[in-house]
Visitor: 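The structure is given below, and queries will be raised subsequently.
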Amino acid sequence: MTTNFEPSAFFQEFGMQATSSQTFDEQIQNTADDLVCIFLWGQDCYNCNVFKQTAMGMKEKIQGLNLRWFQADVYQDEALGLKFGLHGVPTFVFFYRGRRLGRISGWQGLPYFTQVVEDLRKKIQQPS
């Protein structure tokens, strides 16, 4: 597997908006009724590149999850990594209406990722 990767093309392909420790709180409050996923990654991270390459090969399925995406290189923005108490990347953190719902540590494949998203959608559809 090649690790050469142009992140801007990947992020553009999936509509992943850049975020940072300075902008995240405000951005997450402006997401309406979208199920939000923030993809926390690191430059030259092997497992992050596995996700990116897998995602490109399953683009329609991942886009079909109808997530609003944010992304951040936590190697460059350590404060954001600390905010989420990261022990490694990639990590995916989910929000709805500004409230944190859950997270996935590592890329465990599309079936697992899809199941988590489906479970979160059921959770947000239940009356509080």
Visitor: Taking all non-hydrogen atoms of both residues, which atom of N47 and which atom of V89 are closest, and how far apart?
Guide: CB-O, 4.3 Å
Visitor: Do T114 and L65 pass the side chain to side chain contact (heavy atoms under 4.5 Å, CB included) test, and can you show the C-alpha distance, the side-chain angles, and the key distance before you say yes or no?
Guide: CA-CA 7 Å; T114 300; L65 295 172; 3.9 Å; yes
Visitor: Please determine whether residues M16 and Y75 belong to a single hydrophobic cluster, defined as Ile, Leu, Val, Met, Phe, Trp and Tyr linked transitively by side-chain heavy-atom distances below 4.5 Å.
Guide: no
Visitor: Work out which heavy atom in N66 is nearest to a heavy atom in R121; give both atom names and the distance.
Guide: O-NH2, 2.8 Å
Visitor: Could you give the distance from CZ (R68) to CG (N30), rounded to the nearest 0.5 Å?
Guide: 7.5 Å
Visitor: Could you tell me how the ring of F10 sits relative to the ring of F51: parallel (under 30°), tilted (30 to 60°) or perpendicular (over 60°)?
Guide: perpendicular
Visitor: Flag yes if Y46 and L86 sit in one hydrophobic cluster, no otherwise; membership is Ile, Leu, Val, Met, Phe, Trp, Tyr, and two members link when side-chain heavy atoms are under 4.5 Å apart.
Guide: no
Visitor: Can you list the steps and then say if L110 with T54 is a side chain to side chain contact (heavy atoms under 4.5 Å, CB included)?
Guide: CA-CA 9 Å; L110 185 60; T54 301; 5.7 Å; no
Visitor: Between D25 and Q29, is there a side-chain donor-acceptor contact under 3.5 Å, judged purely by atom types and distance?
Guide: no
Visitor: What are the two closest non-hydrogen atoms of P90 and C48, and how far apart are they?
Guide: N-SG, 3.6 Å
Visitor: Considering all heavy atoms of both residues, which atom of F95 and which atom of G98 are nearest to each other, and what is their separation?
Guide: CD2-O, 4.0 Å
Visitor: Looking at CZ of F92 and CD1 of I38, how far apart are the two atoms once the value is rounded to the nearest 0.5 Å?
Guide: 11.0 Å
Visitor: Determine, step by step, whether V36 and Q27 satisfy the side chain to side chain contact (heavy atoms under 4.5 Å, CB included) criterion, reporting the C-alpha distance in whole Å, the side-chain angles of both residues, the deciding distance to 0.1 Å, and the verdict.
Guide: CA-CA 11 Å; V36 174; Q27 287 173 306; over 6 Å; no
Visitor: Let me confirm one number: the CG-CD1 distance from D34 to I28, rounded to the nearest 0.5 Å.
Guide: 9.5 Å
Visitor: Applying the 4.5 Å side-chain criterion to the ILVMFWY set and letting contacts propagate, would V117 and M58 be lumped into a single cluster?
Guide: yes
Visitor: Going hydrophobic residue to hydrophobic residue with side-chain gaps under 4.5 angstrom, can you get from W41 over to I104?
Guide: yes
Visitor: Identify the two heavy atoms, one from E13 and one from Q63, that lie closest to each other, and give their separation to 0.1 Å.
Guide: O-NE2, 3.1 Å
Visitor: Quick check: closest heavy atoms across K123 and L101, and the distance to 0.1 Å?
Guide: NZ-O, 3.7 Å
Visitor: Looking at side-chain heavy atoms only, is the closest gap between D33 and R97 below 4.5 Å?
Guide: yes
Visitor: Between W69 (side chain) and Q17 (backbone), is there a donor-acceptor pair under 3.5 Å?
Guide: no
Visitor: Once rounded to the nearest 0.5 Å, what's the spacing between atom OG of S21 and atom CG of L82?
Guide: 9.5 Å
Visitor: Report the C-alpha separation of Y96 and L120 in whole Å, then their side-chain angles, then the decisive distance to 0.1 Å, and conclude whether the side chain to side chain contact (heavy atoms under 4.5 Å, CB included) test is met.
Guide: CA-CA 9 Å; Y96 180 70; L120 291 174; over 6 Å; no
Visitor: Among F39, F24, F70, F94, whose ring-ring contact (aromatic ring centres under 6.0 Å, His included) with F84 holds?
Guide: F24
Visitor: Give a yes or no on whether the backbone of T23 and the side-chain of S20 come within a donor-acceptor separation of less than 3.5 Å.
Guide: yes
Visitor: Any chance the rings of F113 and W107 have centres within less than 6.0 Å?
Guide: yes
Visitor: More than 12 heavy atoms of other residues, nucleotides or ligands under 6.0 Å from CD of Q108: yes or no?
Guide: yes
Visitor: Could you give the distance from CG (L67) to CD1 (I62), rounded to the nearest 0.5 Å?
Guide: 9.5 Å
